[in-house]
Amino acid sequence: MVVTRFAPSPTGYLHVGGARTAMFNWLFAKSMGGKFILRIEDTDTKRNTPTAAQQVIDDLRWLGINWDEGPEIGGHNGPYLQSERLEIYSKYIKQLLDEGKAYYCFDTPEELAQMRDLAAKEKRSSVYARPENFPTEADVESARAAGRPITVRFAVPQDKPIVIQDIIRGEVTFAPEEIGDFIIQKSDGFPTYHMAVVIDDELMEVTHVIRGQEHLMNTPGHQTLQQALGFRVPQYAHMSVTVSDSGGKLSKRERPKTLKTAIKAVQNPDLQAIADAGGISLEDIELFLKGKMVPDMPVINDIAEFLNVHLPEINVVDFNKNGYLPETMVNFLGMLGWSTSDDREVMTLEEQIECFDIKRLAKSNSLFDRKKLMSFNTEHIRMVSPEKLLAHFKAYLQCCDSPLKDAPDDLLARLLTVTEGARTLAEIEAKTRFIVLPDDQIEYIPKVVKKVLLKHDALNMLAVVRDRLVALDELTAESIEAALRKITEEKQVGLGKVAQPLRVAICGNTVSPSIFDSVTILGIDRTVKRINLTIEKFTQSSTEVQ
RNA sequence: GGUCCCAUCGUCUAGUCGGGCCUAGGACACCGGGUUUUCAACCCGGCAACAGGGGUUCGAAUCCCCUUGGGACUACCA
């Protein structure tokens, strides 16, 4: 049976690159009738944050990626948090040590940095120089007494080239002398990623490892380790990386990068104010601009907000907050570096699973195109069932704290029917929120008022419109349309001259659903009230402008 | 610097393994037109690519080599 896994390290929200990796592992497992495991790789005690694992879990759930074994649900090969598997790793590390396949090291970080510098100066790859004789337990004791760090390195067999069989890339060969003896146990006693991943994939019976190309260089190390431990070698598939339109790997780094560019684009920026906005020192800002320091994400976000800079969405939650459907994300991410053989692109999840073929994963890197994502979202908003769309919309309203968040389901469902063709849930919200605002709290856009209300006798037209609407026996989209069209005939004007002032009167903007639907949903009383308030408010300024 | 990966329209890609069916297909974006009460959506049309150079071959986007360009890694991070 096919067993795949997604093994994120909990350092923050799930970003789109990680989501894509998870996607393909999940898709492959599902398409093969196999199993998908979620494992949390929290062996880095310095970087992990307590809430991050939960964030990643929440993001995967939002995407609809469910796991057969993992946190919250368990499984027969658990635990699924690496921090709870320490004694397992210790056992295998001891085994390697006893068999003379691994050895202790006592180098300090400074000494290691020196060796690397020297290698760089001599223009060769920096591989660790293996000692002729491995340190003994007695050496360990004296190192411990001397306060030196104690790590364990795997002695990479040097006898033959290491050949990786990769589903995407074919055969990739590495010279063993290029693979340095890497650390498998850190001085804090935790295993490194390399050790933990090899053991867990074996014990969890993982058959296929689908991961980013950035891991290709780790694979010869992992493979030699598997062989030294007598493990199976799983099938590997190293996917192309998703790069960002600002160049380089699409990652968390992109947000700071964009912000830096934005600050530099400002003429004579007030660096002190920027520093204050982020709650950091002026020196830090300068270091950041010089590329010598990257502030934490909350700081980045605060400064971006202060400067009114739009940072690219990079985390899955950002797309959620900006009104994208999980169906869109799963579909779009699944199309980055993968394609069908028949030109199909916009698909349901079921269709994606049904036609998934791991061999069709692309070799070359791809750029994350937000415009295409937007187009996918438009299609998915159109495609999902009304019930599902309503559920998504309600969840969205809660998360962006919209005035619509307490609106009843039937109203929301109604709003969704009159906003067909919308590109995001955010657009739907922006277009329809005027419905629930108090009548005297409409935010009139100044530019729009000037263009629509203060010209062509628009306020008088509004009064006419009001009187005709009041006179209607019943208020339906059809009756409203008939009434307004009658006015256009009588006054010999286009519908825009009649409809636009009305639109601005009820929602303060030129953007709304169809004016007929808008008035119908608002109801005659509130429509009249808003018209009156509008006439009252702008009659004065109208004369001033003239 | 070293190691490894990659290379088709602006972007995502089909075609590459098993050379002819490719005057290179689709989608997004863009441009033009249509529809229209606004924003969208929608309909029609258009622009647009085999990185360069050498081979192999009757024939190369497809196979080989070189160059160039892009990317990843180069941690007691994962």
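A, B, ... follow the sequence lines: proteins, then strands. Residue 1 opens every chain.
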Can a side-chain donor-acceptor contact be found between A:Gln82 and A:Arg85 if the only test is distance below 3.5 angstrom?
no
Checking all strands, does [X] fall into the base, sugar-phosphate, or nothing category for heavy-atom contacts under 4.0 angstrom?
| X | value |
| --- | --- |
| A:Gln500 | sugar-phosphate |
| A:Pro8 | nothing |
| A:Ser512 | base |
| A:Glu345 | base |
| A:Arg211 | nothing |
| A:Asp342 | nothing |
| A:Phe182 | nothing |
| A:Arg503 | base |
| A:Lys46 | sugar-phosphate |
| A:Arg485 | sugar-phosphate |
| A:Gln213 | base |
| A:Asn509 | nothing |
| A:His238 | nothing |
| A:Arg382 | sugar-phosphate |

I want to verify a distance call: between B:C76, B:A41, B:A78, whose nearest atom is closest to the A:His194 side chain?
B:A78
Base partner of [N], which must satisfy Watson-Crick or wobble distances under 3.5 Å:
| N | result |
| --- | --- |
| B:U23 | none |
| B:U56 | none |
| B:C39 | none |
| B:A75 | none |
| B:U68 | B:A7 |

For the aromatic rings, using the six-membered ring if either is Trp, is the centroid distance between [X] and [Y] under 6.0 Å?
| X | Y | result |
| --- | --- | --- |
| A:Tyr193 | A:His222 | yes |
| A:Tyr128 | A:Phe182 | no |
| A:Tyr236 | A:His238 | yes |
| A:Phe368 | A:Phe332 | yes |
| A:Phe356 | A:Trp338 | yes |

Between [M] and [N], how far apart are the [atom1] atoms? Round to whole Å, please.
| N | M | atom1 | result |
| --- | --- | --- | --- |
| B:A41 | B:C30 | P | 9 Å |
| B:U13 | B:A29 | C1' | 14 Å |
| B:G52 | B:A60 | C1' | 16 Å |
| B:U16 | B:U8 | P | 15 Å |

Any donor-acceptor pair under 3.5 Å joining the side chain of A:Ser187 to the base of B:C76?
yes
Is it the case that B:A40 (base atoms only) and A:Lys431 (side chain only) share a donor and an acceptor within less than 3.5 Å, ignoring hydrogens and angles?
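Result: no qualifying N/O pair found.
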Most 5' of A:Tyr193 and A:Ser126 on RNA chain B, judged by nearest nucleotide:
A:Ser126
Starting from the 5' end of RNA chain B, give me the residue, A:Asp343 or A:Gln185, whose nearest nucleotide shows up first.
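Result of the comparison: A:Asp343.
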Provide, to the nearest angstrom, the distance between the [atom1] atom belonging to [X] and the [atom2] atom belonging to [N].
| X | N | atom1 | atom2 | value |
| --- | --- | --- | --- | --- |
| A:Leu361 | B:U13 | CG | C1' | 13 Å |
| A:Asn331 | B:A27 | CG | C1' | 12 Å |
| A:Ile515 | B:A40 | CD1 | P | 17 Å |
| A:Arg169 | B:G71 | CZ | C1' | 10 Å |
| A:Met347 | B:A27 | CE | C1' | 12 Å |
| A:Lys372 | B:U13 | NZ | P | 9 Å |
| A:Asn365 | B:U13 | CG | C1' | 14 Å |
| A:Met217 | B:C77 | CE | P | 19 Å |

Can you find a side chain N or O atom of [X] that sits less than 4.0 Å from OP1 or OP2 on [N]?
| X | N | result |
| --- | --- | --- |
| A:Arg153 | B:A75 | no |
| A:Arg116 | B:U74 | no |
| A:Lys186 | B:C77 | yes |
| A:Ser339 | B:A14 | yes |
| A:Thr43 | B:A78 | yes |

Any sub-3.5 Å donor-acceptor pair from A:Thr328's side-chain atoms to A:Tyr324's backbone N or O?
no
Side chain A:Asp181, main chain A:Val156, donor-acceptor under 3.5 Å:
yes
